[in-house]
Number of protein chains: 2
Amino acid sequence: MRRSHPPEGEPWALLVRLFFAQRATLPSVASELQLSLAQCHALHLIGTDRPMPMGRLAETLACDASNVTGLVDRLEARGLVARRPSTEDRRIRVLVLTPAGADVRAALVERMMAPPPALRRLSPREQRALVRILKRLLEEG
Amino acid sequence: MRRSHPPEGEPWALLVRLFFAQRATLPSVASELQLSLAQCHALHLIGTDRPMPMGRLAETLACDASNVTGLVDRLEARGLVARRPSTEDRRIRVLVLTPAGADVRAALVERMMAPPPALRRLSPREQRALVRILKRLLEEG
DNA sequence: TATTGTTATACTCTATAACTATA
DNA sequence: TATAGTTATAGAGTATAACAATA
């Protein structure tokens, strides 16, 4: 194996390890809620701030529109989301969460956003330093 | 929407945002190399330190063994991996990278591990602080 | 008997292309 | 003519259950 990536101690290598460690928990959360990863992602995006047209969901998920049709079909069949006609453009269908969908989404966000125990072991000063650094990392992309 | 998850400024919320921002780049790396995400993951795991029995790959990928059969079928059809009989237990098949597979894997790791430009904007002191904090976060799991 | 990997089957995810309704 | 969404179709990922070879 080539050693072209950064060595162990570099910050990025550590972040990647943290990503993978965290990524491993998402499938268990998903199966706990009887959702696929794609459904988790979609449910997370629907019903945040503003109504979600299907086209915008496809764009945000970076997938084809035809894919969203089937994805929403299944979420709708389970009573989690509903299609509503747009009042402005009759071609557009906006997605809304049903009460059941809002509950599942809340449970999902709850578990997804639950900080790992290791984070609580950081001192307040370390937590502030981490927040400051992460904000700088998120400034651009 | 319920506000049960940590508010914006909390370190974990920021890490999750960074996680999703980074995760969004993997599909483009994958399609660049003509690989699916599952194939990326498998290729990354095969050919690291020791030979990889199919059963251990299934375990590490947290998926069923029958899934690994098809996954390896396709990687093998593309000439990236090969099945070898185990010398110790004739039920076991171990996976090895072909030279072409090692090249693709190296390109994958190269791109996956490339630090984002934002990381370079951190001062050396910030980078050291980040490394120290991330090591503490990774101590346990 | 138990374990490793495969096969058969079914469902979900994903894309491309052709289509309908609307703009 | 262009756009939003659907349908048809195909390939990949995933799981369960039944199976063959080996332990």
Side-chain angles (χ1 to χ4, degrees), chain A residues 23-24 26-46 50-78 80-96 104, chain B residues 23-24 26-46 51-96 104:
Chain A
R23 187 178 190 268
L26 186 51
S28 68
V29 171
S31 71
E32 199 183 328
L33 296 171
Q34 306 264 63
L35 297 170
S36 70
L37 293 183
Q39 287 173 334
C40 284
H41 208 164
L43 213 53
H44 181 230
L45 291 169
I46 299 170
R50 30 179 191 158
M52 174 68 82
M54 296 189 65
R56 187 148 60 85
L57 183 56
E59 197 181 339
T60 312
L61 290 173
C63 74
D64 192 83
S66 63
N67 189 12
V68 169
T69 296
L71 199 57
V72 170
D73 281 349
R74 291 180 284 274
L75 288 173
E76 197 174 34
R78 282 186 51 186
L80 301 180
V81 310
R83 290 166 162 100
R84 300 274 180 251
S86 165
T87 52
E88 297 157 358
D89 185 334
R90 280 190 297 174
R91 293 173 301 182
I92 293 176
R93 310 265 252 160
V94 295
L95 302 171
V96 296
V104 172
Chain B
R23 187 176 188 268
L26 186 52
S28 68
V29 170
S31 70
E32 199 181 329
L33 296 171
Q34 307 264 60
L35 296 169
S36 69
L37 294 182
Q39 286 172 336
C40 283
H41 208 164
L43 213 53
H44 182 230
L45 291 169
I46 300 169
M52 173 68 81
M54 295 189 65
R56 187 149 59 85
L57 183 56
E59 197 181 339
T60 312
L61 289 174
C63 73
D64 193 83
S66 64
N67 189 11
V68 169
T69 296
L71 199 56
V72 170
D73 280 349
R74 290 180 283 274
L75 288 172
E76 198 174 35
R78 282 186 51 187
L80 301 179
V81 310
R83 291 166 161 99
R84 300 274 179 251
S86 166
T87 52
E88 298 159 357
D89 186 334
R90 281 191 297 173
R91 293 173 301 180
I92 293 177
R93 311 267 251 160
V94 296
L95 301 171
V96 296
V104 172

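Chain letters run A, B, ... following the sequence lines, proteins first and then strands; every chain starts at 1.
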*For the atom pair CG (A:Leu37) and OG (A:Ser31), what is the distance rounded to the nearest 0.5 Å?*
9.5 Å
_For the backbone of A:Val94 and the side chain of A:Arg56, can you confirm whether one donor and one acceptor N or O come within less than 3.5 Å of each other?_
no
_Closest contact, heavy atoms only, B:Ile92 versus B:Pro53_ = CG2-CB, 3.9 Å
*Once you round to the nearest 0.5 Å, how far does CG of A:Leu61 lie from NE2 of A:His41?*
5.5 Å
*Interatomic distance, A:Leu37 CG vs D:dA15 P [rounded to whole Å]*: 11 Å
*What is the distance, rounded to the nearest whole Å, between atom CE of A:Met54 and atom P of C:dT22?*
16 Å
*With rounding to the nearest 0.5 Å, note down the distance linking OG1 in A:Thr60 to NE2 in A:His44.*
12.0 Å
*Side-chain donor/acceptor of A:Ser66 to base of C:dT14, under 3.5 Å*: no
*When you measure from every atom of DNA chain C, which of residues 67-81 of chain B have a heavy atom less than 4.0 Å away?*
B:Thr69
_Which residues pass the side chain to side chain contact (heavy atoms under 4.5 Å, CB included) test with A:Arg83, not counting sequence neighbours?_
A:Met54, A:Thr69, A:Val72, A:Asp73, A:Glu76, A:Arg93, A:Leu95
*Considering only heavy atoms from C-beta outward, does the side chain of B:Leu33 approach that of B:Leu43 to under 4.5 Å?*
no
*Short side-chain N/O contact to C:dT6 OP1/OP2 from B:Arg83, under 4.0 Å*: yes
*Of all of residues 86-96 of chain A, which get a heavy atom below 4.0 angstrom from DNA chain C, listed by number?*
A:Asp89, A:Arg90, A:Arg91
*asked:* In whole Å, I'd like the distance from the CZ atom of A:Arg84 to the C1' atom of D:dG5.
replied: 17 Å
*Nearest-Å distance for atom pair CD/P, residues B:Glu59 and D:dT14*: 16 Å
*To the nearest angstrom, how far is B:Leu61 atom CG from D:dA12 atom P?*
18 Å
*How long is the span from the CG atom in B:Leu45 to the SG atom in B:Cys40, to the nearest 0.5 Å?*
11.0 Å
